[in-house]
A.B. asks: 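First the structure, which I've put down as structure tokens, then a few questions once you've had a look.
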Amino acid sequence: MTQNTVRVRFAPSPTGPLHMGGVRTALFNYLFAKNNNGVFILRVEDTDQKRYEEGAEQYIIDSLKWCGIEIEEGVNEGGNYGPYRQSERKEIYQKYIDILVKNGSAYYAFDTPSELETMRKNLKVQKRSNQQYNAETRSVMRNSLTLSSDEVNKLIESGHPYVIRFNMPENETIEVIDKIRGKVVFNTSILDDKVLFKSDGMPTYHLANIVDDHLMEITHVIRGEEWLPSLPLHVLLYKAFAWEDTMPEFSHLPLLLKPNGKGKLSKRDGDKMGFPVFPLEWINSDNEISQGYRENGYFPEAFVNLLALLGWNPGTEKEIYSMNELINDFSLEKVGKSGSKFDPDKAKWFNQQYLRQYSDNELAIQFDSLLKKKNINCDLEKTEKICSLVKERLVFIKDFWEQTSFFYVAPNEYDAKVVRKRWKANSPIFLKEIIQKLNNINEFISPNIENEIKKHILDNSYSMGQVLNVLRLVIVGASKGPHLFDILEVLGKNESIIRIENGIKNIKK
Ligand code: GLU
């Protein structure tokens, strides 16, 4: 592998289902990697045992697979830089934290929770805006900077709980170039001495993340904006290890916002407005179900397409992108800085566009299996024709039955509202006349039927609206459906006439 091969990682923590914002992060990493002939890696960051949730890792893997995001190195795929699950890399972190302690970049801290609480309270009383463990406060706490090495060794040997903190420099300016945001500047005076390692032998996110990015030769870190505040610490860690030369380039993606643009898109917004925020359905340990895009009937291609355009703006009118087109066109330079509003209607629009790309035959094959489940046998050609008539009205495959059931099953009841509004004393009379007209048609196709019926209406000076609405009512059972004469053609002469006769018999005001 050459030195400059692009290597990116998606590094989720398996603490629950993957939010669609997380899927977008994975997608942008994947697109960037593929656009640069690079490698996409899945690294599972499971060092926080308290927040670990059973099944979450598999959920993440399944979600990426559903989206067509292919993992090249990872927990299941393996690779030359493994293991790819942080809980299996404990010894590695131990070695690296020792380096930091030795070179003075990190130190042991023995303060108990109550001592930490007292420190915070005292600082509050002194009205300090900043109540952190930092350059100012560390000198009065119990740590390896204030205690003698004898005392430190004794505490460690006696099994006293400790953490290892980063020795944050005082008042230093850190400048980093973010590929999306440009130059970002931080001052260390507002940062605390973050915990890097705990006495249970586990690193915290910060240490494990930097060590792994270095060892896995990650060239670009692409992650959510919520990690931007951690960036100065990460840069300082690279310095502390003397790894600045191979430090990855950073890109922090903008947030996904609620439909009204006010704040981060949350599960609660989805629940309130009836859209999923997770790729796949998730059932938690309390048996609470969170909706998934897959189960809601979205095509994975549509989901990927809509996610890609949340934040990435190719600057053209084109909106429909296949994965390959995304890979070809993607660049981090075209990712915006500001949050992207999620629009649930637009999400449906994307699905509709993908549904329309299917041929009538492909759709008919899918619908046919749905019909079989309902014990309805219909020849594929007819279903294909029905597909051509209703295709434009469908958002999801699952809408098909709702839009077409009347083609397969004759109405056995009639929409009461329409009956009230449209059914008149003379309705049976002109319906009987229509039966006669239909009987006269030799080639029973939509334009012929339309001509014949409309001519009859005009010849008798009937109201077009009145007759056609009543005809639709007896054919469909309601005032919905595609062009009426197209429906009659699909049903055929016999079935159409039977339905009209049934309507005359059964509809009563
Ligand atoms: N484990 C972090 C997360 O859950 C990774 C953040 C990063 O990419 O550095 O998002």
Side-chain angles (χ1 to χ4, degrees), residues 1-18 22-49 51-97 197 201-224 227 234 237-238 241 243 246-249 251 279-280 282 294 300 304 323-324 326-327 330:
M1 186 157 296
T2 58
Q3 192 58 35
N4 47 18
T5 299
V6 164
R7 290 176 55 81
V8 299
R9 77 328 188 252
F10 177 51
S13 299
T15 54
L18 188 61
V23 185
R24 189 197 52 172
T25 300
L27 176 66
F28 284 14
N29 272 285
Y30 178 71
L31 297 177
F32 182 75
K34 295 289 117 187
N35 180 269
N36 288 286
N37 294 316
V39 179
F40 173 79
I41 298 156
L42 174 71
R43 183 173 74 224
V44 175
E45 300 208 325
D46 58 347
T47 55
D48 190 349
Q49 309 271 280
R51 295 182 59 221
Y52 180 83
E53 196 158 337
E54 198 61 44
E57 181 185 304
Q58 192 55 44
Y59 178 95
I60 292 163
I61 292 170
D62 292 345
S63 301
L64 299 188
K65 188 160 184 214
W66 182 66
C67 292
I69 298 173
E70 290 164 26
I71 303 164
E72 212 163 315
E73 288 175 30
V75 284
N76 293 335
E77 296 69 17
N80 293 334
Y81 299 78
Y84 292 89
R85 201 179 277 117
Q86 287 187 329
S87 56
E88 293 165 20
R89 299 171 63 84
K90 274 160 102 173
E91 296 83 61
I92 300 176
Y93 308 122
Q94 182 71 59
K95 178 175 144 203
Y96 284 96
I97 193 65
F197 204 84
M202 275 295 203
T204 59
Y205 152 73
H206 302 290
L207 179 76
N209 187 269
I210 269 42
V211 168
D212 286 350
D213 281 351
H214 175 73
L215 296 179
M216 295 181 180
E217 294 183 19
I218 299 302
T219 56
H220 296 80
V221 168
I222 304 165
R223 60 184 173 190
W227 299 104
H234 293 180
L237 280 169
Y238 281 101
F241 281 118
W243 293 338
T246 53
M247 186 168 83
E249 288 189 53
S251 303
L280 316 179
W282 169 259
R294 181 179 65 184
V304 162
M323 187 68 104
N324 277 339
L326 289 172
I327 289 172
F330 185 79

A.B. asks: Could you pull out the closest heavy-atom pair between Ala33 and Val6, with the gap in Å?
C.D. replies: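 Heavy-atom minimum between the residues: CA-CG1, 4.4 Å.
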A.B. asks: side-chain contact (heavy atoms from CB on, under 4.5 Å) for Thr15 and Asp48? Distances and angles first, verdict last.
C.D. replies: CA-CA 9 Å; Thr15 54; Asp48 190 349; 5.8 Å; no
A.B. asks: Take Met323 and Leu31 through the test side-chain contact (heavy atoms from CB on, under 4.5 Å) and record every step on the way to the result.
C.D. replies: CA-CA 8 Å; Met323 187 68 104; Leu31 297 177; 4.0 Å; yes
A.B. asks: If the condition is ring-ring contact (aromatic ring centres under 6.0 Å, His included), which residues does Tyr84 pass it with, not counting sequence neighbours?
C.D. replies: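 Per chain and number, Tyr84 pairs via ring-ring contact (aromatic ring centres under 6.0 Å, His included) with no residue.
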A.B. asks: To the closest 0.5 Å, what do you measure between CD (Glu70) and OH (Tyr30)?
C.D. replies: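 Reported value, rounded in 0.5 Å steps: 4.0 Å.
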A.B. asks: Determine whether Asn209 and Arg43 make a side-chain contact, defined as any pair of heavy atoms from C-beta on separated by less than 4.5 Å.
C.D. replies: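 When only atoms from C-beta onward are counted, Arg43 and Asn209 do touch, with a gap below 4.5 Å.
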A.B. asks: Show the nearest heavy-atom pair for residues Pro203 and Ala208, with the distance to one decimal.
C.D. replies: CG-CB, 3.8 Å
A.B. asks: Distance from Asp62 atom CG to Leu18 atom CG, nearest 0.5 Å?
C.D. replies: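 That separation rounds to 11.0 Å.
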A.B. asks: Grab the two heavy atoms, one from Ile218 and one from Val8, that are nearest each other, plus how far apart they are.
C.D. replies: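 In terms of heavy atoms, the two residues are closest at CD1-C, 4.1 Å.
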A.B. asks: Do Val44 and Ser87 touch side chain to side chain, with heavy atoms closer than 4.5 Å?
C.D. replies: no
A.B. asks: So, for Phe32 and Phe330, is the gap between ring centers shorter than 6.0 Å?
C.D. replies: no
A.B. asks: To check you understand the geometry: which heavy-atom pair defines the closest contact between Gly224 and Thr25, and what is its length?
C.D. replies: N-OG1, 4.3 Å
A.B. asks: Do any N or O atoms from the side chain of Gln86 and from the backbone of Pro83 form a donor-acceptor pair under 3.5 angstrom?
C.D. replies: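 Such a contact is absent between Gln86 side chain and Pro83 backbone.
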A.B. asks: Looking at Leu42 and Pro12, what are the two nearest heavy atoms and their distance?
C.D. replies: CD1-CD, 3.7 Å
A.B. asks: Have a look at Arg7 and tell me which of Glu249, Glu217, Glu73 forms a salt bridge (charged side-chain N to carboxylate O under 4.0 Å, His left out) with it.
C.D. replies: Glu73
A.B. asks: What residues form a ring-ring contact (aromatic ring centres under 6.0 Å, His included) with His234, not counting sequence neighbours?
C.D. replies: Tyr205, His206
A.B. asks: In chain order, what residues pass the side-chain contact (heavy atoms from CB on, under 4.5 Å) check against Pro17, with sequence neighbours excluded?
C.D. replies: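 Listed in chain order: Tyr59, Phe278, Trp282.
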A.B. asks: Indicate yes or no: at least one non-hydrogen side-chain atom of Phe40 is less than 4.5 angstrom from one of Ile71.
C.D. replies: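 Counting from C-beta outward, Phe40 and Ile71 do come under 4.5 Å.
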A.B. asks: Considering residues at least two apart in sequence or located in another chain, which fulfil the ring-ring contact (aromatic ring centres under 6.0 Å, His included) criterion with Phe10?
C.D. replies: none
A.B. asks: Where the side chain of Asp46 meets the backbone of Pro14, is there a donor-acceptor pair that is under 3.5 Å apart?
C.D. replies: no
A.B. asks: Would Glu45 and Arg9 count as a salt bridge (Lys or Arg N to Asp or Glu O under 4.0 Å) here? Give the steps.
C.D. replies: CA-CA 11 Å; Glu45 300 208 325; Arg9 77 328 188 252; 5.4 Å; no
A.B. asks: Rounded at 0.5 Å granularity, tell me how far CG in Leu326 sits from CG in Leu27.
C.D. replies: 6.5 Å
A.B. asks: Please report the interatomic distance CD1(Ile97) to OG1(Thr204), rounded to the nearest 0.5 Å.
C.D. replies: 8.0 Å
A.B. asks: For Glu77, which residues count as a salt bridge (charged side-chain N to carboxylate O under 4.0 Å, His left out) partner, sequence neighbours excluded?
C.D. replies: none
A.B. asks: Has the side chain of Thr5 got a donor or acceptor atom that lies under 3.5 Å from a matching backbone atom of Gly38?
C.D. replies: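 Checked: no pair found.
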A.B. asks: Let me confirm one number: the CD1-CG distance from Ile92 to Leu215, rounded to the nearest 0.5 Å.
C.D. replies: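 Answer for the CD1-CG pair, Ile92 versus Leu215, is 6.5 Å.
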A.B. asks: Give me the atom names and distance for the closest heavy-atom approach of Ile60 to Ser13.
C.D. replies: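 What the structure gives for the nearest pair is CD1-O, 4.4 Å.
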A.B. asks: Return the CD1 to CG distance between Ile327 and Asn36, rounded to the nearest 0.5 Å.
C.D. replies: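 The distance works out to 11.5 Å.
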A.B. asks: Does the ring center of Phe241 lie less than 6.0 Å from the ring center of His214?
C.D. replies: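 Aromatic pair excluded; centres sit 6.0 Å or further apart.
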A.B. asks: Is any side-chain heavy atom of Met247 less than 4.5 Å from a side-chain heavy atom of Trp243?
C.D. replies: no
A.B. asks: With sequence neighbours excluded, give me every salt bridge (Lys or Arg N to Asp or Glu O under 4.0 Å) pair touching residues 82-92.
C.D. replies: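 For residues 82-92, and leaving out neighbouring residues, the salt bridge (Lys or Arg N to Asp or Glu O under 4.0 Å) pairs sorted by first residue read Glu57-Arg85, Arg85-Glu88, Arg89-Asp212.
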